[in-house]
Participant: 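Mind having a look at this structure? Questions to follow.
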Amino acid sequence: MTPPGSSQAAETEHFDDLYWESRSEPIVEDDAFLEEIVAGAELPVLLAALAAALRDTTFLHPDLRPPLTPMDTTPHPHGGMTAEQREKAALLALAGLQELRDKQVTTVDMLPDAAVRDILGYLTGGREEWFGMLTHELDIAPTKGGRPAWQFDEVARGRDFSALIVGAGVAGIAAAHRYAQAGIPYVLVEAGETIGGTWAKNTYPGVRLDTPTFGYSYSFAQRGDWPHQFAQGGEILDYLRDVARRAGVVDRIEFRTRLVRLRWVEEERLWEATTRTADGGEQVRRFSAVVSALGQLDRPNIPEIAGSEKYRGMTMHSQEWDHDVDLAGKSVAVVGTGASAYQIVPAIMDQVGSLIVFQRSAPWMLPAPTYHHTVSAAFTWLRRKVPHYAQWFRLWVILTGIEGRAHTVVAQEDWPGAPLSCSPANQELREFLVSRIAPQFDDDPDLLQRVIPNYPPGAKRMLRDNGVWAAALKSEKTTLVTAGIERFTENGFVDASGQEHDVDVVVFATGFKPSDYLDEVEVVGRDGREIHAFWDGDARAYNGITVPGFPNFFLIYGPNVGGTVAGSLHFMLERAVEYSLSAIHELLRRGVAALDVRPEALDRFVEWVDEGNRTKAWGQPYARTWYQNKNGRVSQLWPYTNIEYWDITDSVNDDDYEFLE
Ligand code: NAP
């Protein structure tokens with residue numbers, strides 16, 4: 001147990017969790033109340049939490065292991081436990097809550113390794129190959145990965161070494177925190193005025209997560225008191241700011257400072273970085289290593305439409321929402337029906353006078369009746385009263401997301417249902433989703449025909465359906481146009497059928513240019529190689545992190561590591577940060593200046609991810625998605641699970657790198 005009198009800071013340090021709470025509130029409620037709580041609990045999570053808090057493996061009875069039935073759309077409650085299992089688990093959980101109450105247990109301490117294995121064995125149904133990755137996410141595991149196990153001063157005291165971290169978004173905050181923990185001097189530059197990256201920029205009406213909140217946080221900042229099941233944009237931004245403050249990162253950021261040029265100085269084995277401030281002033285500095293935490297979904301894609309110079313109304317991209325524009329009573333056009341549009345449209349319905357939605361392809365949506373809901377009252381009680389319940393729940397969301405819905409998007413060669421589906425399982429999913437769409441449009445068969453997607457579910461990002469999208473499209477105010485936009489006029493658009501639409505405001509919810517990695521930065525590596533020339537529109541990086549010819553240059557959340565039907569984004573980017581630190585540790589330990597990934601290693605990696613992506617819905621030749629770049633290669637997505645990424649980023653393989661003295 002935590003030593004009495006130890007400071008919160010020391011405990012946080014002990015647990016590698018900036019949100020560590022040393023005590024939960026004592027349980028004072030009666031048995032009837034506890035029974036109700038159990039009925040609202042996720043049983044495997046509660047049993048795991050009880051086993052940890054009471055140090056009692058009887059809560060992990062083998063007969064009550066959740067089967068982890070693969071999810072087609074949304075997670076199966078209790079991991080797919082049978083009714084009989086649920087009944088027995090509920091009785092056990094009730095006994096556990098009573099014991100917590102009667103013994104007044106309000107803390108949980110670091111678990112012994114054996115207990116970690118017992119609990120993970122229970123939760124995963126014995127999948128030992130998952131334990132390493134899951135332990136990375138478990139802040140009461142003594143072998144939790146993540147925090148550097150070494151200190152710069154111990155390895156290279158006196159050596160002149162510093163890193164440049166670029167971008168103060170989700171990835172940059174993680175990098176700065178871990179580099180500080182390793183004692184590596186760093187400078188963090190951010191082009192914007194504030195922390196938070198995409199969550200600071202995207203403030204459009206309705207912005208919120210389209211994946212569960214509890215899978216969307218750092219392993220080192222396991223906030224438990226999230227208000228919503230799918231967090232609102234502002235809540236995530238507050239979290240990021242709070243994490244940065246707790247980690248001591250905020251004070252070290254140079255805001256309004258954009259990286260414009262990087263040049264490798266071979267004789268000195270250093271990067272020369274040119275940054276530009278908002279007033280145009282340039283500064284040139286040298287760094288031993290550069291960590292790019294620049295986002296992919298950052299550069300707005302605004303379609304070139306003939307006559308745009310003629311249009312006299314207002315236009316804005318979803319990421320550049322102008323909150324001074326009053327939409328009240330206006331006629332508004334929203335171009336696009338993707339992840340941003342499906343949040344904007346229902347959110348502005350009440351204000352606008354009329355709405356035109358330009359749809360090029362209809363979106364697939366997963367049923368999510370509680371999409372706008374707060375977390376349940378039972379969850380809130382459990383979070384407050386059962387030590388670590390929220391953190392076990394977070395682990396559970398990540399665990400069940402390891403395989404996620406991946407099995408539904410595996411494409412079968414020569415599948416006759418293509419291009420509408422890509423395999424029997426995918427066809428089944430298609431039929432299920434259509435059966436959920438149809439009743440929402442049963443009074444408008446024509447509209448129904450136009451909102452059923454004509455590509456396989458999963459080939460593009462799937463959105464969440466709680467009925468508000470259908471309601472917005474069916475509103476008397478709304479016109480859904482599928483004819484495409486021909487040209488702008490002074491007052492609006494002409495669509496491809498020749499119909500004219502007058503609008504006051506045009507919202508381009510048309511996405512980004514994700515393949516243009518590092519678009520605005522010139523990066524000149526060894527032998528004068530420029531990174532964009534090397535990539536030629538096809539960004540490639542070994543493990544999504546290192547690029548041959550660019551020593552000590554690390555991309556966080558780089559090419560081919562994105563997820564869409566499975567996996568945790570934070571896990572992927574944290575692992576890239578940790579890998580970059582392992583690489584730096586290796587060169588400090590060897591006393592060498594730099595390391596440069598070998599081209600063969602990159603080729604091998606690309607071949608492997610391409611092979612995986614070719615077998616997925618989004619990798620089919622008939623799929624048109626932003627996951628593919630101009631060559632048609634899927635350069636955005638990681639086709640495997642978090643476990644494979646855990647394995648390949650476990651250590652820096654000597655054979656993959658050239659070490660420069
Ligand atoms: P998006 O998903 O790429 O959607 C862009 C939309 O614009 C699509 O419907 C696309 O049609 C349409 N479009 C593009 N160019 C067009 C053109 N020239 N004419 C007509 N329509 C055009 O972009 P997004 O909605 O901004 O989302 C991008 C990504 O950001 C998401 O996939 C997700 O990863 C992330 N995101 C996440 C959240 C969240 O978690 N809450 C929210 C928003 C965004 P096609 O489908 O036919 O290409």
Side-chain angles (χ1 to χ4, degrees), residues 169-170 197-199 201-213 215-216 228-237 295-306 308 315-321 333-347 356-366 368 371-372 419 450-451 453-464 469 473 480-488 493 495-496 506-515 557 561-565 567-570 572 618 622-628 636-638:
V170 181
T198 192
W199 294 105
K201 290 178 185 170
N202 284 277
T203 61
Y204 58 75
V207 61
R208 70 193 307 144
L209 266 183
D210 59 13
T211 54
T213 309
Y216 198 85
H228 285 97
Q229 298 181 22
F230 295 84
Q232 294 173 341
E235 289 165 359
I236 299 167
L237 188 55
Q296 303 167 15
L297 301 172
D298 191 41
R299 292 159 299 281
N301 167 46
I302 299 184
E304 285 176 24
I305 297 171
S308 56
T315 64
M316 56 187 167
H317 185 267
S318 53
Q319 184 178 255
E320 291 158 352
W321 196 270
V334 174
V335 185
T337 53
S340 302
Y342 99 109
Q343 296 178 332
I344 293 169
V345 165
I356 297 172
V357 177
F358 282 94
Q359 172 184 283
R360 189 162 69 178
S361 11
W364 282 114
M365 295 187 180
L366 300 163
Y371 185 48
H372 289 165
R450 294 193 292 151
V451 298
N454 59 2
Y455 57 91
K460 300 185 195 204
R461 189 177 182 83
M462 304 229 254
L463 313 177
R464 303 276 162 175
W469 177 249
L473 293 190
L480 180 72
V481 178
T482 49
I485 302 169
E486 186 75 15
R487 61 185 160 85
F488 267 106
F493 293 107
D495 72 28
V506 178
V507 175
F508 286 109
T510 39
F512 300 88
K513 297 176 183 169
S515 326
Y557 214 64
V561 296
T564 186
V565 289
S568 149
L569 170 139
H570 287 72
M572 298 296 276
W618 52 78
Y622 49 81
R624 195 177 67 172
T625 113
W626 64 257
Y627 303 142
Q628 299 166 359
Q636 301 299 322
L637 290 195
W638 174 248

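Order of listing sets the numbers, starting from 1, for every ligand and every atom in it.
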Participant: Which heavy atom in Leu297 sits nearest to a heavy atom in Gln319, and how many Å separate them?
Facilitator: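 So the two residues come closest at O-OE1, 3.6 Å.
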Participant: Below 30° counts as parallel, above 60° as perpendicular, anything between as tilted: where do the rings of Phe512 and His317 land?
Facilitator: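 The arrangement is perpendicular - the two ring planes meet at more than 60°.
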Participant: Is the closest heavy atom of Phe358 to ligand 1 under 4.0 Å?
Facilitator: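 Contact check Phe358 vs ligand 1: negative.
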Participant: Which ligand 1 atoms are under 4.0 Å away from a heavy-atom of Gly336?
Facilitator: 6 (C), 7 (O), 9 (O), 12 (C)
Participant: Which heavy atom of Pro212 sits nearest a heavy atom of Phe230, and at what distance?
Facilitator: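 Here Pro212 and Phe230 meet closest at N-CE2, 3.7 Å.
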Participant: Take Lys460 and Thr564, measure what side-chain hydrogen bond (donor to acceptor under 3.5 Å, both in side chains) needs, and give me the verdict at the end.
Facilitator: CA-CA 8 Å; Lys460 300 185 195 204; Thr564 186; over 6 Å; no
Participant: Out of Ser340, Pro363, Ser361, indicate the one that has the non-hydrogen atom closest to atom 26 (O) of ligand 1.
Facilitator: Ser340
Participant: Under the side chain to side chain contact (heavy atoms under 4.5 Å, CB included) criterion, do Asp210 and Arg461 qualify, and how do the steps go?
Facilitator: CA-CA 10 Å; Asp210 59 13; Arg461 189 177 182 83; 2.6 Å; yes
Participant: Has Arg450 got more than 12 heavy atoms of other residues, nucleotides or ligands less than 6.0 Å from its CZ?
Facilitator: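 Yes.
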Participant: Calculate, to the nearest 0.5 Å, the distance between atoms OG1 and CZ belonging to Thr211 and Arg464 respectively.
Facilitator: 7.0 Å
Participant: Counting from 1, what ligand 1 atoms have a heavy atom of Lys460 closer than 4.0 Å?
Facilitator: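 Close to Lys460: 45 (P), 46 (O), 47 (O), 48 (O).
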Participant: Roughly how far apart are Thr482 OG1 and Gln359 CD, rounded to 0.5 Å?
Facilitator: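 Thr482 OG1 to Gln359 CD: 6.5 Å, rounded to 0.5 Å.
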Participant: Would Ser318 count as being in polar contact with ligand 1, using the rule that some N or O on each side must be under 3.5 angstrom apart?
Facilitator: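 So ligand 1 has no N or O lying under 3.5 Å from an N or O of Ser318.
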Participant: Which residue holds the protein heavy atom closest to atom 20 (C) of ligand 1, what is that atom called, and what is the gap in Å?
Facilitator: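 So the nearest neighbour among protein heavy atoms is Val335 CG1, 3.9 Å.
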Participant: Between Tyr216 and His570, does the ring centre distance come in under 6.0 Å?
Facilitator: yes
Participant: From atom 34 (O) of ligand 1, work out which of Arg464, Arg360, Arg461 has a heavy atom at the shortest distance.
Facilitator: Arg461
Participant: Heavy-atom contact check, 4.0 Å cutoff: does Gln359 meet ligand 1?
Facilitator: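 No; Gln359 lies far enough from ligand 1 that no heavy-atom distance drops under 4.0 Å.
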Participant: Distance to 0.1 Å, residue and atom name: give those for the protein heavy atom nearest to atom 23 (O) of ligand 1.
Facilitator: Gly511 CA, 3.1 Å
Participant: Do any heavy atoms of Gln343 fall under 4.0 Å from ligand 1?
Facilitator: yes
Participant: Check this for me, if you would: do Lys201 and Asp298 make a salt bridge, where the nitrogen-to-carboxylate-oxygen distance has to be below 4.0 angstrom?
Facilitator: yes
Participant: Show the atoms of ligand 1 that are less than 4.0 angstrom away from any heavy atom in Leu209.
Facilitator: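 In order of number, 40 (O), 41 (N).
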Participant: Quick test of your reading of the structure: of Thr510, Asn301, Leu297, whose heavy atom lies closest to atom 7 (O) of ligand 1?
Facilitator: Thr510
Participant: Heavy atoms only: which of Pro303, Gly563, Gly206 lies closest to atom 18 (N) of ligand 1?
Facilitator: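 The nearest heavy atom belongs to Pro303.
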Participant: Quick check: Arg208 and ligand 1, any N/O pair under 3.5 Å apart?
Facilitator: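 Yes.
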Participant: Could you tell me the residue and atom name of the protein heavy atom closest to atom 3 (O) of ligand 1, and the distance to it rounded to 0.1 Å?
Facilitator: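 Going atom by atom, the protein heavy atom closest to atom 3 (O) of ligand 1 ends up being Trp626 CD1, 3.2 Å.
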Participant: By number and element, which atoms of ligand 1 are closer than 4.0 Å to a non-hydrogen atom of Arg624?
Facilitator: 47 (O)
Participant: Record the part of Tyr204 in heavy-atom contact with ligand 1 below 4.0 Å; permitted values are side chain, backbone, both and neither.
Facilitator: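 Looking at Tyr204 and ligand 1, just side chain atoms fall under 4.0 Å.
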Participant: Quick one: OG on Ser340 to CG on Leu463, what's the gap to the nearest 0.5 Å?
Facilitator: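 CG of Leu463 is found 9.5 Å from OG of Ser340.
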Participant: Return a yes/no value for Tyr627: is any of its N or O atoms, backbone included, closer than 3.5 angstrom to an N or O of ligand 1?
Facilitator: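 Such a contact does not occur with ligand 1.
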Participant: What do we get for Asp210 next to ligand 1 when only non-hydrogen atoms under 4.0 Å count, side chain, backbone, both or neither?
Facilitator: both
Participant: State whether the shortest distance between N or O atoms of Ala339 and N or O atoms of ligand 1 falls below 3.5 angstrom.
Facilitator: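 Looking only at distances, the answer is yes, because the N/O contact criterion of under 3.5 Å is met.
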Participant: Report the distance from atom OH of Tyr557 to atom CD of Gln296, rounding to the nearest 0.5 Å.
Facilitator: 6.0 Å
Participant: Would you mind telling me if ligand 1 is within reach of the side chain of Gln319, the backbone, both or neither, using heavy atoms under 4.0 Å?
Facilitator: neither
Participant: Quick one: look up the protein heavy atom nearest atom 9 (O) of ligand 1 and list residue, atom name and how far away it is.
Facilitator: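 Going by distance alone, atom 9 (O) of ligand 1 is nearest to Thr337 N, 2.9 Å.
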Participant: To the nearest 0.1 Å, how far is atom 4 (O) of ligand 1 from its closest protein heavy atom, and which atom is that?
Facilitator: Gly338 CA, 3.5 Å
Participant: Quick check, are the ring centers of Tyr622 and Tyr455 under 6.0 angstrom apart?
Facilitator: no
Participant: Test side-chain hydrogen bond (donor to acceptor under 3.5 Å, both in side chains) on Tyr371 and Gln343; report intermediate values, then the result.
Facilitator: CA-CA 11 Å; Tyr371 185 48; Gln343 296 178 332; 3.0 Å; yes
Participant: Which bit of Ala509 is near ligand 1, meaning a heavy atom under 4.0 Å away: side chain, backbone, both or neither?
Facilitator: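 Backbone only; the side chain of Ala509 stays clear of ligand 1.
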